[in-house]
There are 4 protein chains.
Amino acid sequence: MTSKAARGGLGGRPRDTEIDAAVTVSTLELLEEGGYFAISVGEVARRAGTSRPAIYRRWSGRAALVLAAFESRFDTPAPPDTGCTLCDLAEGLTIFLAGYRTIRPEVFGALYSECVTDPELHRWYLRAVVEPARMAVGEALHRAVARGDLRADVDVTRMLDLIASFVHYRTLFGEHPGDEDAEHVIEIVMRGAAADYDALLAHSLSLAGTHVDDAGTHHVHIG
Amino acid sequence: MTSKAARGGLGGRPRDTEIDAAVTVSTLELLEEGGYFAISVGEVARRAGTSRPAIYRRWSGRAALVLAAFESRFDTPAPPDTGCTLCDLAEGLTIFLAGYRTIRPEVFGALYSECVTDPELHRWYLRAVVEPARMAVGEALHRAVARGDLRADVDVTRMLDLIASFVHYRTLFGEHPGDEDAEHVIEIVMRGAAADYDALLAHSLSLAGTHVDDAGTHHVHIG
Amino acid sequence: MTSKAARGGLGGRPRDTEIDAAVTVSTLELLEEGGYFAISVGEVARRAGTSRPAIYRRWSGRAALVLAAFESRFDTPAPPDTGCTLCDLAEGLTIFLAGYRTIRPEVFGALYSECVTDPELHRWYLRAVVEPARMAVGEALHRAVARGDLRADVDVTRMLDLIASFVHYRTLFGEHPGDEDAEHVIEIVMRGAAADYDALLAHSLSLAGTHVDDAGTHHVHIG
Amino acid sequence: MTSKAARGGLGGRPRDTEIDAAVTVSTLELLEEGGYFAISVGEVARRAGTSRPAIYRRWSGRAALVLAAFESRFDTPAPPDTGCTLCDLAEGLTIFLAGYRTIRPEVFGALYSECVTDPELHRWYLRAVVEPARMAVGEALHRAVARGDLRADVDVTRMLDLIASFVHYRTLFGEHPGDEDAEHVIEIVMRGAAADYDALLAHSLSLAGTHVDDAGTHHVHIG
DNA sequence: TGCTAAGCGAGACGGTACGTCCCGTCTTAAT
DNA sequence: ATTAAGACGGGACGTACCGTCTCGCTTAGCA
């Protein structure tokens, strides 16, 4: 979903797609320059070389404008299956973080708070901002379950909540978490959830030894 | 800190203290009724039966207004030392949650995003909203360290980050976490961080048996 | 002239003539209901059950729409030749007034001011609104000249201007003039312009005595 | 009356009088450049270097804006008492015309039609545009009555209507009347209304002969 | 006790951004 | 080929709110 209606009826003048593009670009520019509160429909229109009504015809307001701009930015790649649970988690988390790091941290809170009033925007926010990020880690967790790397009684959803929340917390109220932070979280959580954490760690380290360049060098920090 | 300046100069007409109170009350009312965006300095002034300048003389704007209202609401009681690490953590987390539950979830994001531009507001936000909450859990964690209940290599600050972030995450993007959620988090985190998790759990259960009414009945859910 | 082009090319779909009629009716309805500013091409289209482009295809805009509606309304009957100059003038003026009285007074000013920019509309306005009205009185004046009832040095066009202007003035800035007003104007103007005003008056009165029902009873008010 | 409220209440920040002036100037400029429909509140604000709300705080909209600009332009001087009725009338009419000639003719119709909806604007229009003009001629007529220059049974108000309407008619639907037109009207009307028109004319001509430079040279055209 | 001045309440200000109405035009599908 | 109709891009509208300024009144501390 990029705008209100791509092609609703049959007749009628088709929408100028260059305006959609120019508006999205202008929105992202303004976000980078001045954060969420630098966005105003009028200013975006001015930058995009169009008019306010042209924007309102496509999006319901500022929040929708920003969500659409986000969507055009986020294209979460599927995390690879390395066969190593700790590596997969680290990789998933890195993807997760990479997406957020392109956006000023405070934008998320402001945006969310504007979305929360309108159910449709709320759903869009979850779908566009929250879900893709969770998916990257969730994928890795489900593989871990399939491999039998987790204890039987572990609630995977709650683990995911825990990991995802850490990222959001730091994103919103501190700074964007680095890769080192990500590994610490994995360590803490997996130490309690893994059926045999030491075995996973050993496996991860052995891979790190052989595929330093491919899988990254981050594993050495874990031990 | 409740307002800009308690008493600036020596002479002059003294500030009407009833206005401070009425404004805080009106702010909290509006927050409850319509969330953060229902707050506007003008509307608060109208409700409080005063004028906009009277408010701007005391607070720098909407964000400060809300922060002051928060402060008047939050008075985090020190969590008791029960001698049981799991109980202490659960108690700390409950206090943590109780504070947040009095506020609409989306308010935090909106408020924070307005604070982030102004360094002074930023500090105030951390001091008034974030720190008290972390303290409640941090206290319990530090006691756990002192008792030797945690493994030696555990990074307590990062554990705290993890626990705190979970609360924020749920607060912002889902719903306020319940006590059951809190216990799950404690379980996941402590299972990895405790020197001997099973011993802590046993201790907690034994206390639950003897002090059901005092310490609460929540421990039975943990096992 | 009712619309832009009756039949442009030879081939192609024929124009729906019912739309022309429906649009004219809707225009007059709206004029009556809310005056000139109640007219908007969109609203007329909505009422007429058609679309905006269908109207723009026929008329150049709001002003043309209203002029066309006027034309369909005005069909100034030729004033009768009673043989009595004062009676002829009164009759002509009455016809003049009758046409205007069907339209809200302020419409003329608004319409004219929109026509004045476009030479073609300007001409149309004069032809459709101004000229027919002047003609009714002008006819009577020319007959008076032919009969030798006016002084030799009188400028007939200027007299006509004077009489016509009175009607417009009252129409625009007061209220629609009544028949009594019309007679006063005739009296003032003719008293100065007639070769022998008293003779004309006597003639008029004698006719009034014989043809009370036909020519009306208004002459008795003049003396 | 120049704006909504010069100084309504006691407290409050005083209005910036330079804005009033700049707005009026900009309004008149725009009227000259493009007529009534060139006026838009936004454009006036831009030219005057201010904002739309600042204008709406002072005037209710476009029509009021233009009326206020008119008022600042019109300052009808009292016509002199020359002792000669025909001269007085000509002088009054000239003053009347001079005021209107500063404004594009079509403006009056457009303005009036916007005023007619709102009773307050309607009154203002009459007071600011119509009355001052009538007064100039009315004064001369009342002096003529006092001097006994008019026939006893003449209705002065109706005469005034007739003269005033001629000016409006030509102003709105033709072009601004010249001085020659004015004299013709006076001749037509007075020939019927004067107790002894020839005597008045002789008096006027005698004055023209002696005071050519003072009273103007226009009298020679009358005979 | 009277004077001076700081500080207060309140109202109105100048201005940004909003969301909407309407205009006149363009595009598609149907006739 | 030309229509009918839907949607478009854009100009202007009138309003809500912001943060500030000005006013006249109130009050404390110094004379």
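All chains are named by letter (A, B, ...) in the order of the sequence lines, taking the proteins before the strands, and each is independently numbered beginning at 1.
The OG1 atom of Thr27(B) sits 6.5 Å away from atom CD1 of Ile55(B), with the distance rounded to the nearest 0.5 Å. Rounding to the nearest 0.5 Å gives a distance of 8.0 Å between CZ of Arg62(A) and OG of Ser40(A). Of the inter-residue distances, the one linking Leu111(B) atom CG with Leu65(B) atom CG reads 10.5 Å to the nearest 0.5 angstrom.
Look at CD on Glu18(D): it is 11 Å from P on dG14(E), rounded to the nearest Å. In this structure, CG of Asp118(C) is placed 15 Å from C1' of dG24(E), rounded to the nearest angstrom. Between the CZ atom of Arg58(C) and the P atom of dT2(F) there is a distance of 15 Å, rounded to whole Å. If you measure from atom CZ of Arg13(A) to atom P of dA7(F), you get 13 Å, rounded to the nearest angstrom. Across the protein-nucleic acid pair, Arg47(B) atom CZ and dC17(F) atom P stand 13 Å apart, rounded to whole Å. Note: CZ (Phe37(D)) to P (dC23(E)) measures 13 Å, nearest angstrom. Summarising the geometry, the separation between CD1 on Ile55(D) and P on dC13(E) is reported as 14 Å, rounded to the nearest angstrom. Straight-line distance from the CG atom of Asp20(A) to the P atom of dC8(F): 10 Å, rounded to whole Å.
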Residues Arg58(D), Val23(D); criterion side chain to side chain contact (heavy atoms under 4.5 Å, CB included); working and verdict: CA-CA 10 Å; Arg58(D) 292 166 164 81; Val23(D) 165; 5.8 Å; no

Residues Phe37(B), Glu114(A); criterion side chain to side chain contact (heavy atoms under 4.5 Å, CB included); working and verdict: CA-CA 8 Å; Phe37(B) 292 110; Glu114(A) 269 194 7; 3.7 Å; yes

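Distances from the side chain of Arg15(A) to the nucleotides dG9(E), dA7(F), dA12(E) place dA7(F) closest.
Checked for salt-bridge contact, Arg46(A) and Glu43(A) meet the test: a charged N lies under 4.0 Å from a carboxylate O.
Every residue meeting the side-chain contact (heavy atoms from CB on, under 4.5 Å) condition with Glu29(D), not counting sequence neighbours, appears here in chain and number order: Val25(D), Glu33(D), Arg47(D).
Rounded to 10 degrees, the angle between the two end axes of the helix from dT1(E)-dA31(F) to dT31(E)-dA1(F) is 10°, with five pairs used at each end.
Considering Phe108(B), Tyr112(B), Trp124(B) in turn, Phe108(B) is the only one that fulfils the ring pair (Phe, Tyr, Trp, His ring centres under 6.0 Å) rule with Phe70(B).
Take the nearest nucleotide of DNA chain E for Asp16(D) and for Thr50(B): the residue whose nucleotide is more 5' is Thr50(B).
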Contact letters for nucleotides 16-21 of chain E, in which S counts primed atoms plus P, OP1 and OP2 and B counts the base, heavy atoms under 4.0 Å: BSBBBB

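For Arg104(A) (side chain) and Glu32(A) (main-chain N/O), a donor-acceptor pair under 3.5 Å exists by modelled atom type.
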